[in-house]
Participant: 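Attaching a single structure in structure tokens format; questions to follow.
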Amino acid sequence: MAILVIHGGAGGDGPWLGKTPLDPGRIDCMKQVLGVVGTKLASGEIDCLEAVTLAVEMLEDEPLFNAGQGSVIGEDGSITMDASIMRGADRAAGSVINVTKLRHPIRAANLILHQGWPVILNSDAADDFGVNGGVEEVSQDWLKTELRQGQWEQWRQNKASPGATDEDDSVLDHDLEGRVTTEFSDEGMGTVGAVALDVNGNLAAATSTGGMTGKPVGRVGDTPIIGAGTWADGTIAVSCTGVGEAYIRTCAAHKLATNYHSTTNLFESTDKILDEVAPLGGRGGLIAVTTSGEFAMPFQTRLMYRGYWRNGELKVGIGPELE
Ligand code: ASP
């Protein structure tokens with residue numbers, strides 16, 4: 001059996017309002033990723049680690065998702081990206097924090113995993129490690145899109161308005177659609193992730209993000225933190241999306257694994273962890289797959305871009321329904 005599950009971020013409050021004009025592009029991208037990578041995974045051409053890396057690379061290349069090109073823009077007007085990856089069989093892991101010039105931050109994390117030590121590199125050292133390892137170097141101008149520039153301008157205007165607080169800023173990216181009404185409005189935020197079960201029964205998880213619009217310089221979200229945004233062991237692989245601080249404070253991905261180990265009830269375990277994250281301001285979602293062949297894609301926001309490939313069956317969704 002082979003299973004690939006992906007997400008493209010969660011966001012928004014309230015009932016599902018239907019697709020935005022940008023959503024068909026995101027749907028096409030998710031279908032492409034699942035079809036291409038799922039087929040390779042099922043044939044045994046690639047293992048779970050390469051599958052999640054490839055899937056996330058393809059999502060990083062889609063400017064409509066918040067990772068790689070099209071990442072959101074931070075407080076100082078620059079893009080900084082985080083990514084992490086974990087292999088369940090031996091719990092090998094790799095992570096990069098605040099990289100600024102890599103087309104594929106997840107590949108740099110994968111290279112760190114293969115090197116074996118250390119597990120995490122940050123900033124210039126992580127950029128240089130990636131470039132020296134063969135990850136394509138790109139400019140900030142290449143990473144920035146008009147859509148993200150527009151969202152950033154709106155964030156700046158909101159920040160300047162009376163009553164705006166730092167706390168507002170921390171959720172702005174996820175709730176942007178509810179707050180603004182211009183051509184740049186968009187409810188899907190777009191951190192990306194993938195989890196996979198390969199034909200040898202092994203698991204891996206990967207997550208990549210530009211973080212949150214207007215994030216303070218030096219901020220580190222949950223995405224590059226093993227056990228918070230990403231986790232894989234011999235039983236379960238997890239990738240999270242949402243307001244990162246709450247996922248860090250609950251060690252969400254690892255806690256889900258622990259719950260699952262003791263209950264072996266995947267759906268009960270995923271609901272439980274999202275219920276724990278939410279009161280800390282961490283509305284969002286996650287994807288998970290287990291060695292028993294179950295997978296889950298729960299979210300507590302208006303939407304979560306998501307999809308799966310299982311033995312040739314491919315489905316994607318944004319709101320409550322899958323198509
Ligand atoms: N978790 C990410 C972060 O906090 C954002 C997201 O998932 O959209 O950086």
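Note that ligands are numbered from 1 as they come in the structure, with each ligand's atoms numbered from 1 the same way. Scope of the values below: all heavy atoms of this structure, side chains included, with no hydrogens, waters or symmetry mates.
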Participant: At a 4.0 Å cut-off, with the gap strictly under it, does some heavy atom of N66 reach an atom of ligand 1?
Facilitator: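 For ligand 1, residue contact (heavy atoms, under 4.0 Å) with N66 is absent.
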
Participant: Against ligand 1, does R219 come closer than 4.0 Å with any heavy atom?
Facilitator: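 Under 4.0 Å: yes for R219.
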
Participant: So does I318 get a backbone contact from the side chain of K19, meaning a donor-acceptor N/O pair under 3.5 Å?
Facilitator: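 Absent.
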
Participant: Can you find an N or O of G244 that's nearer than 3.5 Å to an N or O of ligand 1?
Facilitator: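 Indeed, backbone or side chain, G244 has an N or O that close.
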
Participant: Salt bridge or not between E57 and R107? Use side-chain N to carboxylate O under 4.0 Å.
Facilitator: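 Judged by the 4.0 Å cut-off on N to carboxylate O distance, E57 and R107 do form a salt bridge.
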
Participant: Please identify which of these residues, T80, D127, D124, meets the side chain to side chain donor-acceptor pair (under 3.5 Å) condition with T100.
Facilitator: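 Only one of T80, D127, D124 forms a side chain to side chain donor-acceptor pair (under 3.5 Å) with T100, namely D127.
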
Participant: I'd like to check which ligand 1 atoms, numbered from 1 as shown, lie under 4.0 Å from a non-hydrogen atom of T191.
Facilitator: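 That gives atoms 2 (C), 5 (C), 6 (C), 7 (O), 8 (O) of ligand 1.
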
Participant: Can G242 be said to touch ligand 1, with heavy atoms closer than 4.0 Å?
Facilitator: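 Yes; G242 lies near enough to ligand 1 that a heavy-atom distance drops under 4.0 Å.
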
Participant: Just which atoms of ligand 1 are under 4.0 Å from any heavy atom in D222?
Facilitator: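 Atoms satisfying the 4.0 Å criterion: 1 (N), 2 (C), 3 (C), 4 (O).
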
Participant: Looking only at distance, does V243 have an N or O less than 3.5 Å from an N or O of ligand 1?
Facilitator: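 No; every N/O pair is 3.5 Å or more apart.
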
Participant: Do D47 and R87 meet the salt-bridge criterion of a basic N to acidic O distance under 4.0 Å?
Facilitator: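 No, this pair does not count.
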
Participant: Using a strict 4.0 Å cut-off to heavy atoms of T241, name the atoms of ligand 1 that fall inside it.
Facilitator: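 Counting atoms of ligand 1 from 1, those under 4.0 Å from T241 are 6 (C), 7 (O), 8 (O).
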
Participant: Name the residue from R148, Q154, Q149 that meets the side chain to side chain donor-acceptor pair (under 3.5 Å) definition with Q151.
Facilitator: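 That would be R148; it is the only one of R148, Q154, Q149 passing the side chain to side chain donor-acceptor pair (under 3.5 Å) with Q151.
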
Participant: For residues D141 and S139, is any side-chain donor paired with an opposing acceptor at under 3.5 Å?
Facilitator: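 Not at all, the side chains of D141 and S139 share no donor-acceptor pair under 3.5 Å.
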
